[in-house]
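Quantities reported herein were computed from a predicted structural model and do not represent experimental measurements. Letters go in sequence order (proteins before strands), and every chain restarts at 1.
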There are 2 protein chains.
Amino acid sequence: MAGIEEVAQLAGVSTATVSRALSGRGHVSASSKSKVLEAAAQLGYVVSSNASSLASGRTRNIGVVIPFLNRWFFSSVLEGAQGALLRRGYDLTLYNLSGDGGERSSVFEHFLLRQRVDAVIAVSLELTEPEVTRLHELGKPLVGVGGPISGVRTLTIDDVAVARLATEHLLALGHRRIAHIGGDVENDLDFHLPTNRRHGYEYALRDAGVEVDPRQFAPADFTIRGGFHAAKQLLGVPHDRPTAIFAASDEMAIGSILAARELGLVVPRDVSIIGIDDHDLADFFGLSTVAQFPRLQGEKAVEILMEQLEPGPDAAVPAATPLPFELRVRSSTATPPA
Amino acid sequence: MAGIEEVAQLAGVSTATVSRALSGRGHVSASSKSKVLEAAAQLGYVVSSNASSLASGRTRNIGVVIPFLNRWFFSSVLEGAQGALLRRGYDLTLYNLSGDGGERSSVFEHFLLRQRVDAVIAVSLELTEPEVTRLHELGKPLVGVGGPISGVRTLTIDDVAVARLATEHLLALGHRRIAHIGGDVENDLDFHLPTNRRHGYEYALRDAGVEVDPRQFAPADFTIRGGFHAAKQLLGVPHDRPTAIFAASDEMAIGSILAARELGLVVPRDVSIIGIDDHDLADFFGLSTVAQFPRLQGEKAVEILMEQLEPGPDAAVPAATPLPFELRVRSSTATPPA
DNA sequence: CTGAAAGCGCTAACAG
DNA sequence: CTGTTAGCGCTTTCAG
C-alpha cells in the first residue's frame, strides 16, 4: 500500500498538494494536478478512508437502517440508494433491524455513534424522539423513506391519494361492492401506511356515494399468503360477494388472485383485483396496480443527503417534492359482472 | 461527543487503561475496569471507529459483495451475515454489483482498497484471479458463498447431491418421465450451479436405469415467470407429457405449478413438481423441495472470517464442513398417474 | 497556487 | 497491572 508521501515524492510536490489534487478541494494548478494523478495511478494509490476521515471529519459513508431485506419494496429502496451512493464514491453500511428493541437500541447507541457514517437513511422506521435528537446532536443529516418521522424530511408517496386512485379506477369501471384488504393496524411497524391507504379507499367510496361497509374489510400482513387468506374470506361468502378487491399491496393482490382461482372465480370476469406497488410479479400476473418507484425513492434520499453534505452551487433542497405514482391497468380489472 | 481523555479523567486512569478496558485486549484490574465502564456510560462515550481503526489497523467492518438484493437466496444470505456481524459488534458495508464491469472494477479498485473493511464476503460471484490476488496482498481474508472461487474458502451446498436427492425422490415415487428446468448456461453469472444441478439430475436418472432425454430439459432464468414459460413448453406437448418436473429453484417450481394449473393439470395428481431452496413461498404453494439454508450460510461465512480475524483459543477453522440440505416433502409430489 | 506543520482520537509498544 | 509516548495516514490552517 503506497502512501500519500510516496505519491508526493514521485510527483515532486508536497503531500498537501496531493491531498488537494485528489480530493478536489482547494486550488491546484493543472500541471501539478496531472502529475499527481499520474503518480497516484502509477503507484495504485488509494486514500486510506480512516486516516482521511479522522483528519477531515467526513467518512463518505452513509448508514441505511432498514427493517426487512427480503421484501420487494425494501430491497428496491436499498438497491436505489446503493447505486446512487456508489456513483458518488460513497459507501453504504447496512443496519438491518429485523429484531427486537435490543438490536435496535444497540444500533442507535453504538453503531451509528461510532462516527462511521456521515448521514443516515431510515427506511420505514418510526424513529423515536430521542433517536432523532441524538442524530441531530451529532450533526448527522437524516432522511426517512416510507415512514413519517416527525421533524424529519421524509420521502413517502401520498398513500391516501394512491389508494384513492386505485379505488376510483374500480368505481369508474362500475364496481360498487369493493372490498379492501389492508394492514393489520395492531401489528404494523408503521401503522400510518395501512391507515392512510384505508382512508383513501373510504374517501373514494364516499365521494362516489357508496357506503363503506366494514364487512368488506379484511386485514392481512402484506404477504401473498396473507392476501390469499383474506381474499378467501371476502370471496367465500355465499351472498353479495364483492365484485372487486383493492389490496393495499401487490403481494396481497396476487394472493387474492390465487384465492379467486381456487374458488373457481375468473379474474377479472367474476372479480376485479387491484394492488399497489408494481411489484416484480405484477406484470406476470396481469395485475392492475398503482406503481410506486422504490428504487427512485432510494436514489432521491441519497440526493437529498448529498445536498446537505456537499452543498452544490445549484443550491436549494428541492423541498417537499411529491413522489410520483402511476396507475397501471393490466388484465385483472374490468367491468363488474352483469 | 466525549473523547477518551475525558473518560480517563473521570475514571481517574490513563487513556491507555480506558482503551484496554473498553476493547478487552490487555489486562486491566477489575476495579479499574468497572470505573472505566461507569465513566464511559455516564459520558455516553463511544469510540471513534476511525481513530481506532487508524491506530490499530482493524476496522471491525466487513464488506459484502453481492449481485442481487431482490432475490430470496441473496437477501437471506445477507440477512444471516448482517445478524451475525451485528452480534459481534461489526459493521457490514454492502456492495451490490448488479451492474456491468465498470461498477465491478470500481468496487475492487477503489472501494475495497480504501482500507474500510477487514475482510470480504463474496456471494455468488466468480472473482477473477487478479481480484483474489489483490485482496490477499492486502491481507484481507476472503470467503465465498454460493459460487466456487478458485483458491478461496467457499461455502456451497453440494449441488450435485441436492439435485440428485430431489430427482431420487421423484424416482422413488415411481416417476420415469421426469423433466428438468435448469439454468440457461449461456447467461449465468455462475454457470457451475445450474450445471451441477443438471448433472445431479442426470446421475440419478442413469443410476435408476432411466435414459436421459434432452427434450425433457428446458432452460429458464430462475424466476417464477421463467419457470412458468419453461413448464408450459414441457407440459404442453400432446404426447408423452412428463409426469414430474424437477426445477432447479423453487421460484421456477412455483412457476411450473402455475403453468400446470393453467393447462388444466392438477398437481400432484397429473404432474409432480419439486424444487430446490425452501423459498418463503414454498410452504404456501405446498411445494416439495430440498431446503438449503442461506441465512445459515451467511452466518457461517461470518464465523469463518472471525476465526481468521480474531483467532480464538478453540482454534481450528472447521475445515470444509459440508453444508446441510434437507428434503421437504409437501403436497406437490405424489405417485405418477396410473 | 503551494509547502510546513499541527493535529484528528485512539492504540500499542515500552517501561515501570 | 498501569502510565507515557510515539505514531497510524491524512487534511487543513497558516504563511508565503
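- Taking atom CG on A:L43 and atom P on D:dC10, their separation rounds to 12 Å, with Å as the unit.
- Applying the salt bridge (charged side-chain N to carboxylate O under 4.0 Å, His left out) rule to pairs touching residues 60-77 of chain A yields A:R60-A:E310, sequence neighbours excluded.
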Do nucleotides 9-16 of chain C as a string where each nucleotide becomes B, S or -: B if the base has a protein heavy atom under 4.0 Å, S if just the sugar-phosphate does, - if no protein is that close. BBSBB---
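- Each end of the helix from C:dC1-D:dG16 to C:dG16-D:dC1 yields a helix axis from five base pairs, and these two axes differ in direction by 30° (to the nearest 10 degrees).
- At most 12 heavy atoms of other shown residues, nucleotides or ligands fall within 6.0 angstrom of atom NZ in B:K33.
- A:S53 places a side-chain N or O within 3.5 Å of a backbone atom of A:R58 that can act as its donor or acceptor partner.
- Side-chain nitrogen and oxygen atoms of A:S14 include none within less than 4.0 Å of the OP1 or OP2 phosphate oxygen of C:dT2.
- What separates CZ of A:R60 from P of D:dC10 is a distance of 15 Å, to the nearest Å.
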Please report the C-alpha distance between A:I157 and A:Q297 in whole Å, then the side-chain angles of each, then the deciding distance to 0.1 Å, and finally whether the side chain to side chain contact (heavy atoms under 4.5 Å, CB included) criterion is met. CA-CA 9 Å; A:I157 49 169; A:Q297 295 176 29; 3.9 Å; yes
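- Between the side chain of A:D91 and the backbone N or O of A:N61, no donor-acceptor pair lies under 3.5 Å.
- Scanning both residues, A:G3 and A:Y45, for their nearest heavy atoms gives C-CE1, 3.5 Å.
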Please assess A:S32 against A:S29 for the test side-chain hydrogen bond (donor to acceptor under 3.5 Å, both in side chains), listing each intermediate value before the final yes or no. CA-CA 5 Å; A:S32 292; A:S29 73; 3.0 Å; yes
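- One interatomic measurement links the two molecules: NZ of A:K33 to P of C:dT2, which rounds to 11 Å at whole-angstrom precision.
- Between the side chains of A:E79 and A:S76, not a single donor N or O lies within less than 3.5 Å of an accepting N or O.
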